[in-house]
Visitor: 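Supplied in structure tokens, the structure appears directly below.
Computed from a predicted structure; not experimentally measured.
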Amino acid sequence: MTSPLAAEDVRLGMIGTGAMGTPMAHHLIRARGRLAIWSRMPRPDLVELGASPVDTPGELAAHSDAVLVMLPDLPDLERILDGDDGLLAGAEDLLLLIGSTSSPTGVRAMAERLGRQSSGRVRVVDCPVSGGVDGASAGTLSIMLGGADADAALAAQILSPCGTAVHLGPLGAGEVAKACNQLVVAATIVALGEATELAARSGSTSTRCGRCWRAAMRARTCCPAGRTASSPVTTARREPPPTW
């Protein structure tokens with residue numbers, strides 16, 4: 001973008017309309033009134049809502065100031081970057097929002113290559129999300145941003161219909177935070193399994209213990225990156241406690 005754009009003026013494109021991407025697309029279309037999409041399969045449901053389909057990733061880039069990518073991993077994005085119909089072929093000044101849960105070093109390496117090949121016209125923000133399909137459907141995702149200050153601030157505004165975005169640091173910081181989040185989730189699952197077994201062996205009813213644990217979890221607020229519930233970043237939208 002040759003000059004700063006307000007978030008509402010950004011022409012937004014999207015790639016990746018699967019289980020997570022589809023409900024996010026719904027929120028973005030309702031909030032913005034428009035969204036360009038590229039998909040390997042026809043998406044008449046999104047077109048009916050107001051999405052504009054294009055034929056190639058390059059065409060999407062040519063008609064967008066920012067592109068949100070909700071693909072499973074970086075190799076899926078790599079396959080649509082190059083070539084006559086690739087994203088780079090159509091990109092002018094483009095902000096690429098990578099929502100995949102990926103390697104932070106991989107994101108940085110991709111951003112460096114894209115910047116070099118585009119002479120700096122393509123900039124990258126990593127923006128992995130947490131909250132699952134339920135959070136995507138409700139618009140209550142936790143969105144973890146990494147990138148330059150101005151780019152991350154714009155990304156946060158663009159993605160606000162989908163949840164709460166927090167800028168965590170330089171490029172790759174969002175992916176690091178998502179990895180930390182997954183560690184907490186995995187540790188919690190293991191702990192619940194151990195606690196259930198301990199309760200059962202001690203003669204307690206696991207169902208009743210589970211009710212106690214759920215009540216305790218509801219009494220807490222889960223905030224990204226260790227922020228407290230009173231943090232200015234999180235007070236604008238309170239998210240429900242996670243259900244593992």
Visitor: Between the main-chain N or O of V125 and the side-chain N or O of D151, is there a donor-acceptor pair closer than 3.5 Å?
Guide: no
Visitor: Identify the two heavy atoms, one from I158 and one from A66, that lie closest to each other, and give their separation to 0.1 Å.
Guide: CD1-CB, 4.1 Å
Visitor: Do the side chains of L159 and C127 get nearer than 4.5 Å, heavy atoms only?
Guide: yes
Visitor: Check whether any side-chain heavy atom of Q117 sits under 4.5 Å from a side-chain heavy atom of L81, and report yes or no.
Guide: no
Visitor: Hey, does V124 have a side-chain heavy atom less than 4.5 Å from the side chain of D126?
Guide: no
Visitor: So which atom in A7 and which in L154 form the shortest heavy-atom distance, rounded to 0.1 Å?
Guide: CA-CD1, 3.8 Å
Visitor: Determine whether I98 and L74 make a side-chain contact, defined as any pair of heavy atoms from C-beta on separated by less than 4.5 Å.
Guide: yes
Visitor: To check you understand the geometry: which heavy-atom pair defines the closest contact between G132 and L141, and what is its length?
Guide: O-CD2, 3.7 Å
Visitor: Distance-only, no hydrogens or angles: does the D85 side chain make a donor-acceptor pair with backbone N or O of T56 under 3.5 Å?
Guide: no
Visitor: Within a strict 4.5 Å, meaning less than it, do heavy atoms of the L94 and R123 side chains meet?
Guide: no
Visitor: Consider side-chain contact (heavy atoms from CB on, under 4.5 Å). Of L183, V185, V184, which one does N181 pass it with?
Guide: V185
Visitor: Kindly say whether S103 contributes a backbone atom to a donor-acceptor pair with the side chain of E175 at under 3.5 angstrom?
Guide: no
Visitor: Could you check whether atom CD of E8 has more than 12 heavy atoms from other residues, nucleotides or ligands sitting under 6.0 Å from it?
Guide: yes
Visitor: Any sub-3.5 Å donor-acceptor pair from H26's side-chain atoms to L28's backbone N or O?
Guide: no
Visitor: Under the side-chain contact (heavy atoms from CB on, under 4.5 Å) rule, what do L35 and R30 come out as? Steps first, then yes or no, please.
Guide: CA-CA 9 Å; L35 179 71; R30 291 188 183 110; over 6 Å; no
Visitor: Under 3.5 Å, side chain of T22 to main-chain N/O of T17, donor-acceptor pair present?
Guide: yes
Visitor: Are E112 and R108 ion-paired here, with the side-chain N under 4.0 Å from a carboxylate O?
Guide: no
Visitor: Are there over 12 heavy-atom neighbours, none belonging to R116, within less than 6.0 Å of that residue's CZ?
Guide: yes
Visitor: Within the side chain of R32, is there an N or O that forms a donor-acceptor pair under 3.5 Å with the backbone of V10?
Guide: yes
Visitor: Return yes if some donor-acceptor pair links the side-chain N/O of H27 with the main-chain N/O of S137 below 3.5 Å, else return no.
Guide: yes
Visitor: Check R43 against S39 and note the closest heavy-atom contact, atom names and distance.
Guide: CG-OG, 3.9 Å
Visitor: Please determine whether a side-chain nitrogen of the Lys or Arg among R121 and D93 lies less than 4.0 Å from a carboxylate oxygen of the Asp or Glu.
Guide: no
Visitor: Taking D55's backbone N and O only, do any of them form a donor-acceptor pair with E59's side chain (distance below 3.5 Å, no angle check)?
Guide: yes
Visitor: Side-chain contact test, heavy atoms from C-beta onward, threshold under 4.5 Å: evaluate it for I15 versus L71 and give yes or no.
Guide: yes
Visitor: Side chain of S118, backbone of V122: donor and acceptor closer than 3.5 Å?
Guide: yes
Visitor: Test side-chain contact (heavy atoms from CB on, under 4.5 Å) on M14 and M24; report intermediate values, then the result.
Guide: CA-CA 10 Å; M14 186 171 183; M24 293 176 70; 4.3 Å; yes
Visitor: Is there a side-chain contact (heavy atoms from CB on, under 4.5 Å) between T196 and L198? Walk through the geometry before answering.
Guide: CA-CA 5 Å; T196 300; L198 175 60; over 6 Å; no
Visitor: Could you tell me if S64 and R11 have a donor-acceptor pair between their side chains, going purely by distance under 3.5 Å?
Guide: no
Visitor: Using a strict threshold of under 4.0 Å (side-chain N to carboxylate O), is an ion pair present between R113 and D82?
Guide: yes
Visitor: Any heavy-atom pair between the side chains of W38 and V67 that's under 4.5 Å?
Guide: no
Visitor: According to a 4.5 Å side-chain heavy-atom criterion applied to Ile, Leu, Val, Met, Phe, Trp and Tyr, with indirect links allowed, do V47 and L68 form part of one hydrophobic cluster?
Guide: no
Visitor: Less than 4.5 Å apart, side chain to side chain, heavy atoms only: is that true for L96 and L77?
Guide: yes
Visitor: Could you go through D73 and S100, starting from their C-alpha distance and side-chain angles, then the distance that decides it, and tell me whether this counts as side chain to side chain donor-acceptor pair (under 3.5 Å)?
Guide: CA-CA 5 Å; D73 205 349; S100 312; 5.8 Å; no
Visitor: Does CG belonging to D84 count more than 12 external heavy atoms closer than 6.0 Å?
Guide: no
Visitor: Would the distance check show the side chain of K178 and the main-chain N or O of V129 forming a donor-acceptor pair, the cut-off being under 3.5 Å?
Guide: yes
Visitor: As a quick check of understanding, evaluate side-chain contact (heavy atoms from CB on, under 4.5 Å) for D65 and L12, giving each step before the final call.
Guide: CA-CA 6 Å; D65 301 305; L12 182 62; over 6 Å; no
